[in-house]
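Have a look at the structure below, then the notes.
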Amino acid sequence: DIQMTQSPSTLSASVGDRVPITCRASQNISTWLAWHQQKPGKAPKLLIYKASTLETGVPSRFSGSGSGTEFTLTISSLQPDDFATYYCQQYNSYLYTFGQGTKVEIK
Amino acid sequence: EVQLVESGGALVQPGGSLRLSCAASGFTFSNHWMHWVRQGPGKGLVWVSRIDADGSSTDYADSVKGRFTISRDNARTTLYLQMNSLRVEDTAVYYCARERVGMPDYWGQGTQVTVSS
């Protein structure tokens, strides 16, 4: 199975901060990577797919980059609604695997 | 509007069985592969199973292979997960998810399965 590793596990930030979250794959997955946002008690929500394509309706402050084994989700200016846990997920293989999550907390 | 609504979660003893359902609406259900993904208490997301659009092909995570069966009824636009020989480690919120171009794009709100004596 392809292992996905995110860093950091927890991140404390303030409204307006630029926030980068990193995801590393254990093998080359090209750009078959998605980012999901999850709030407590809620279903995950797709933000970005194919490493850098913004899902319809997702604010433009979210962006994704990377290919191969190194990927980054960036929130350009953190908003109150963005405090949540973020998961990367590879779909190079049908055996989807997810990162362990990055919790973005209020500083 | 795409909607996925899971049901069927419950408290069950180890060794017991449960069938989860996921009622889909707002899209052409029979055109999409569907998945089950679970999340243990305080843990991350783990893929469980998938089924192709007409129900003829299925795949499972090793941890559930031989115990869980995924199926679908396209006429009823409903996805199922039959879970047998349940273990304590199967305790989780179970989400159904729609697949679009290879990745999950919509998720249900989840249903809680607790396996405990």
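Keep in mind that this is a model prediction, so the values were computed, not measured. Here is the naming used below: chain letters follow the sequence lines, and residue numbers restart at 1 for every chain.
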Hey, quick one: are [X] and [Y] part of the same hydrophobic cluster, counting side-chain heavy atoms closer than 4.5 Å, chains of contacts allowed?
{"X": "B/V64", "Y": "A/Y94", "result": "no"}
{"X": "B/L20", "Y": "B/F29", "result": "yes"}
{"X": "B/V37", "Y": "B/L18", "result": "no"}
{"X": "A/Y91", "Y": "A/L54", "result": "no"}

Side chains of [X] and [Y]: closer than 4.5 Å at any heavy-atom pair?
{"X": "A/K50", "Y": "B/V101", "result": "no"}
{"X": "B/W107", "Y": "A/Q38", "result": "no"}
{"X": "B/P104", "Y": "A/Q89", "result": "yes"}

Evaluate whether atom [atom1] of [X] has more than 12 neighbouring non-hydrogen atoms of other residues, nucleotides or ligands under 6.0 angstrom away.
{"X": "A/R61", "atom1": "CZ", "value": "yes"}
{"X": "B/W33", "atom1": "CH2", "value": "yes"}
{"X": "A/R24", "atom1": "CZ", "value": "no"}
{"X": "B/Y80", "atom1": "OH", "value": "yes"}

How many angstroms lie between atom [atom1] of [X] and atom [atom2] of [Y], to the nearest 0.5 angstrom?
{"X": "B/D59", "Y": "A/Y96", "atom1": "CG", "atom2": "OH", "value": "11.0 Å"}
{"X": "A/Q100", "Y": "B/L45", "atom1": "CD", "atom2": "CG", "value": "11.5 Å"}
{"X": "A/F98", "Y": "B/W47", "atom1": "CZ", "atom2": "CH2", "value": "10.5 Å"}

Practice task
Measure distances from A/Q90 to the heavy atoms of chain B and classify the residue's part below 4.5 Å as side chain, backbone, both or neither.
Solution key: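 Looking at A/Q90, nothing touches chain B.
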Practice task
Measure distances from A/Y87 to the heavy atoms of chain B and classify the residue's part below 4.5 Å as side chain, backbone, both or neither.
Solution key: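 The side chain, not the backbone.
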Exercise for the section: Give every residue pair that meets the side chain to side chain donor-acceptor pair (under 3.5 Å) criterion with at least one member in residues 2-20 of chain B, sequence neighbours excluded. Expected result: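 Passing the test, one end in residues 2-20 of chain B: B/S17-B/N84.
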Practice task
May I ask you to name which of B/E99, B/K43, B/Q39 has the most heavy-atom pairs under 4.5 Å with chain A?
Solution key: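 Top option by heavy-atom pairs under 4.5 Å: B/Q39.
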Exercise for the section: Heavy atoms only, distances under 4.5 angstrom: which of A/G101, A/G99, A/G41, A/P44 has the most pairs with chain B? Name it, please. Expected result: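 The option with the most such pairs is A/P44.
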Problem - B/Y95 versus A/A43, closest heavy-atom pair with distance - result: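 Smallest heavy-atom distance, with atoms named: CE2-CA, 3.8 Å.
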Practice task
Mind listing the closest non-hydrogen atom pair of B/Y60 and A/L95 along with its distance?
Solution key: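 Taking every non-hydrogen atom into account, O-CD2, 4.4 Å.
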Handout entry: Which portion of B/V93 sits near chain A, non-hydrogen atoms under 4.5 angstrom
Key =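 Neither part.
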Practice task
Kindly confirm or rule out a cation-pi arrangement of B/R100 over A/Y49, judged by NZ or CZ under 6.0 Å from the six-membered ring centre and within 45° of its axis?
Solution key: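 Flagged: B/R100 positioned over aromatic ring of A/Y49.
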